[in-house]
Structures are given as structure tokens and as C-alpha cells.
Amino acid sequence: MAPSSRLRRKAAHAEIAKLTTSALTSRGHSTADGAPQALSAESFSLAEKLLASLDEAKAEDVATIDLRDKTSLADVMIIASGRSSVHVGAIADRVIKACKAAGVSAPRVEGLTQGDWVLVDAGDAIIHIFRPEVRLFYNLEKMWGGDRPREMRLV
């Protein structure tokens with residue numbers, strides 16, 4: 001494994017750990033002062049298991065994005081790359097098994113037959129697995145990165 005890939009993987013794990021530095025709470029939303037709350041214990045556990053499955057499958061360029069203050073779709077988005085369509089499919093299979101082992105009974109999966117881009121919706125976590133050139137084309141990190149405006153929520 002290349003040193004840069006190993007460093008990126010450690011950075012993804014560090015990002016998940018950073019999301020849980022304050023006390024664990026139920027579904028993460030902003031506090032009254034606007035500071036984000038930590039990931040729930042369930043979301044944190046799921047994200048850790050998903051990152052471990054990505055490590056085992058030799059996924060490359062793993063990135064995590066905190067979605068809690070951006071959308072109500074999920075708490076965290078995990079983006080990873082595979083070297084080929086076959087590798088993307090193998091990574092997705094491991095992620096699906098990790099979801100089921102973590103208690104997500106039926107994760108929704110799209111794109112598994114093509115292998116260019118597989119989306120796994122595990123409820124509190126959304127996982128995107130790309131071939132590198134497809135990942136560059138869609139550039140989800142930029143779309144969902146830090147400068148994305150917050151979603152309007154009806155109260």
C-alpha cells in the first residue's frame with residue numbers, strides 16, 4: 001500500500017473520531033449556540049465498521065464528510081475509490097456485509113452491476129465507491145465539502 005494512501009486512510013479515521021469528540025447524542029443536530037453535536041453512538045459505530053471494511057478491501061483515497069449540518073439525509077458520507085470495476089464491486093460487497101453486520105438489515109445499493117460508481121445507503125451513512133476517473137468527474141468532495149450551504153429545515 002502506498003504511504004500516501006495509508007495517510008489518507010488515517011485521515012479518514014481521524015475525521016470520524018473528530019466528529020465524536022463531544023458527548024455522544026442521538027441524531028446529530030446543531031446545539032442552540034450553533035455548534036454541531038457529536039455523532040450518535042450508532043452512527044459512530046457504523047462509520048467505524050464501514051471504514052474497517054474499506055481498509056480490508058484495500059479501498060483507495062478514502063474520505064469522510066460530515067453531513068449533519070448540511071442535510072438530513074445522513075450523518076456522514078464516505079467516499080472511496082477502487083482500481084477497477086471488479087475492485088469497486090468487491091469493495092461494495094464488503095461494505096454491504098459490514099452494513100448487515102452492523103445491524104442495517106437492508107442497505108439500499110445502486111450501480112453494483114456496472115461497477116463504475118456504487119452507492120450504498122446505510123441510513124446514517126452514505127458510501128460512494130468509484131473508479132478513479134468517475135470520482136474525478138463527479139467530484140463529490142467539492143460538492144459536499146465545507147462551503148456547501150446548509151439545508152433549510154421546517155420546524
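Model, not experiment: these values are computed from the prediction. The chain is numbered in sequence order, starting from 1.
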State the [atom1]-[atom2] distance between [X] and [Y], to the nearest 0.5 angstrom.
X	Y	atom1	atom2	answer
D75	D124	CG	CG	4.5 Å
L119	I129	CG	CD1	9.0 Å
T64	M77	OG1	CE	11.0 Å
S81	I91	OG	CD1	8.0 Å
Y138	F130	OH	CZ	8.0 Å
R94	K58	CZ	NZ	8.5 Å

Closest contact, heavy atoms only, [X] versus [Y]:
X	Y	answer
E141	A63	OE2-CB, 4.3 Å
V104	A122	CG2-O, 3.8 Å
L46	A102	CD1-CB, 3.7 Å
V120	P107	CG1-CB, 4.0 Å
W144	K70	O-NZ, 3.0 Å

- Item | Audit row: L73, L67, side chain to side chain contact (heavy atoms under 4.5 Å, CB included) steps and yes/no | CA-CA 8 Å; L73 292 174; L67 296 178; 5.5 Å; no
- Query: Do any pairs count as a ring-ring contact (aromatic ring centres under 6.0 Å, His included) and have a residue in residues 85-114, sequence neighbours left out, and if so which ones?
  - Reply: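 Listed by first then second residue: nothing to list.
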- Residues forming a side-chain hydrogen bond (donor to acceptor under 3.5 Å, both in side chains) with D116, sequence neighbours excluded: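 Residues passing side-chain hydrogen bond (donor to acceptor under 3.5 Å, both in side chains) with D116: R131.
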- Identify the residue among I65, I79, I126 that makes a side chain to side chain contact (heavy atoms under 4.5 Å, CB included) with L140.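 Among I65, I79, I126, the one that satisfies the side chain to side chain contact (heavy atoms under 4.5 Å, CB included) with L140 is I79.
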- Min side-chain heavy-atom separation L112-D93 under 4.5 Å: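 Yes, side chains in contact.
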- With a 4.5 Å heavy-atom cut-off, do V76 and L50 have their side chains touching?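 Contact flag for V76/L50 side chains = no.
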- Message: For residues 99-110, which residue pairs pass the side chain to side chain donor-acceptor pair (under 3.5 Å) check, not counting sequence neighbours?
- Response: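 Output for this query lists R108-D121.
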- Message: Please determine whether residues V134 and M143 belong to a single hydrophobic cluster, defined as Ile, Leu, Val, Met, Phe, Trp and Tyr linked transitively by side-chain heavy-atom distances below 4.5 Å.
- Response: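 Yes, same cluster.
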